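Data first, discussion second: the structure below is written as structure tokens.
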Amino acid sequence: TSASNIVFETGHTTTGLPSTGTTKMTIDGSGAVTMPLQPAFLSGTSRVTTITGDGTTYSATAATWTDIYDQNADFSNGTFTAPVTGKYNFTFLLTLAGTATNHTNATFSLVGSNRTTTYYNSPGVDRNTSLGGTSYVLTTNVDMDANDTAHLSIHVAGGDKTVMLYELSRFSGYLVC
């Protein structure tokens, strides 16, 4: 313990002498729990031009992702790999630019090893006319086994290949239980 905190560490020597361990969990005096190795990530994309619009399915693994944080190094090149079996929450903010009124349908999918979760929309109807696009915030819980993967895919149809994945797009996930 340190002050009024309870700290769970690993990596101590068996000699009984103090050593520096790796903190796995801390419970502070107020009862707040932090787990610095708990799988959690938030990453953003750079702008990707003309990815879809003509019925092409774009895998967001092709985008350039910049980690805002990745607590357990489980997110790489647009793909999350589950380190342990459990229930995971994923949220993605997709900002699309270049949509037109003739882009009649879109699917945004979280493609996972066990199943794919797909959201349907009509970007030509929802688009912000001054920006020529719109943003979508989608969230889901998914059961994953250790080493299962998950990534995003985007499919827009009904028009020309003018739709861009804007750099404000984000993808996040964490282990729930």
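If you're wondering where the values come from, they're calculated on a predicted model, not measured in any experiment.
Two residues are said to be in side-chain contact when any heavy atoms from C-beta on lie closer than 4.5 Å; V33 and M25 meet this criterion. For the pair L138/T91, no side-chain contact is recorded, criterion being any heavy-atom separation below 4.5 Å from C-beta on. Looking at I51 and T56, their side chains never come closer than 4.5 Å, going by heavy atoms from C-beta outward. The side-chain heavy atoms of L94 and L152, taken from C-beta on, include a pair separated by under 4.5 Å. Residues Q71 and Y174 fail the side-chain proximity criterion, which asks for heavy atoms closer than 4.5 Å. For the pair L110/T116, no side-chain contact is recorded, criterion being any heavy-atom separation below 4.5 Å from C-beta on. In this structure, the side chains of T52 and K161 stay at 4.5 Å or more apart for every pair of heavy atoms. With contacts defined as side-chain heavy-atom distances shorter than 4.5 Å, the pair L175/K87 does not qualify.
For F108 and Y136, the ring centers sit closer than 6.0 Å to each other. When ring centroids are compared, F80 and F171 stay outside the 6.0 Å threshold.
Looking at N72, its side chain never comes within 3.5 Å of a backbone N or O of Q38 through a donor-acceptor pair. One N or O on the side chain of D28 and one on the backbone of G31 form a donor-acceptor pair closer than 3.5 Å. Remark: side-chain polar atoms of S113 are paired, donor with acceptor, to backbone N or O of T149 under 3.5 angstrom. For the pair H155 (side chain) and Y58 (backbone), a donor-acceptor distance under 3.5 Å is absent.
The OG atom of S135 sits 10.5 Å away from the CZ atom of R170 when rounded to the nearest 0.5 Å. To the nearest 0.5 angstrom, F90 atom CZ is 9.0 Å from S172 atom OG. Atom CG of D74 sits about 7.0 Å away from atom OG1 of T81, to the nearest 0.5 Å. Of the inter-residue distances, the one linking M164 atom CE with T99 atom OG1 reads 9.0 Å to the nearest 0.5 angstrom. Atom OG1 of T134 and atom NE2 of H103 lie 13.5 Å apart (nearest 0.5 Å). Here the straight-line distance linking atom CG of D143 with atom OG1 of T85 works out to 9.5 Å at 0.5 Å rounding.
Using a 3.5 Å distance cut-off with no hydrogens or angles, the side chains of T162 and D160 do not pair a donor with an acceptor. The closest side-chain donor-acceptor pair between N121 and N105, if any, does not fall under 3.5 angstrom. Checked by atom type, the side-chain pair D67/S43 shows a donor-acceptor distance below 3.5 Å.
Minimum interatomic distance between G159 and N102 (heavy atoms only, all atoms of both residues): CA-ND2, 3.4 Å. Taking both residues in full, the closest heavy atoms of Y88 and P83 are given as OH-CD, 3.5 Å, listed atom of the first, atom of the second, then distance.
Under a hydrophobic clustering in which Ile, Leu, Val, Met, Phe, Trp and Tyr are joined whenever their side-chain heavy atoms come within less than 4.5 Å, directly or via other members, Y119 and V156 fall into the same cluster.
Summarising the local packing, CG of N141 is surrounded by more than 12 heavy atoms from other residues, nucleotides or ligands at distances under 6.0 Å. A 6.0 Å sphere centred on OH of Y120 holds no more than 12 heavy atoms belonging to other residues, nucleotides or ligands. Environment of CG in D54: crowded, with over 12 heavy atoms of neighbouring residues, nucleotides or ligands closer than 6.0 Å.
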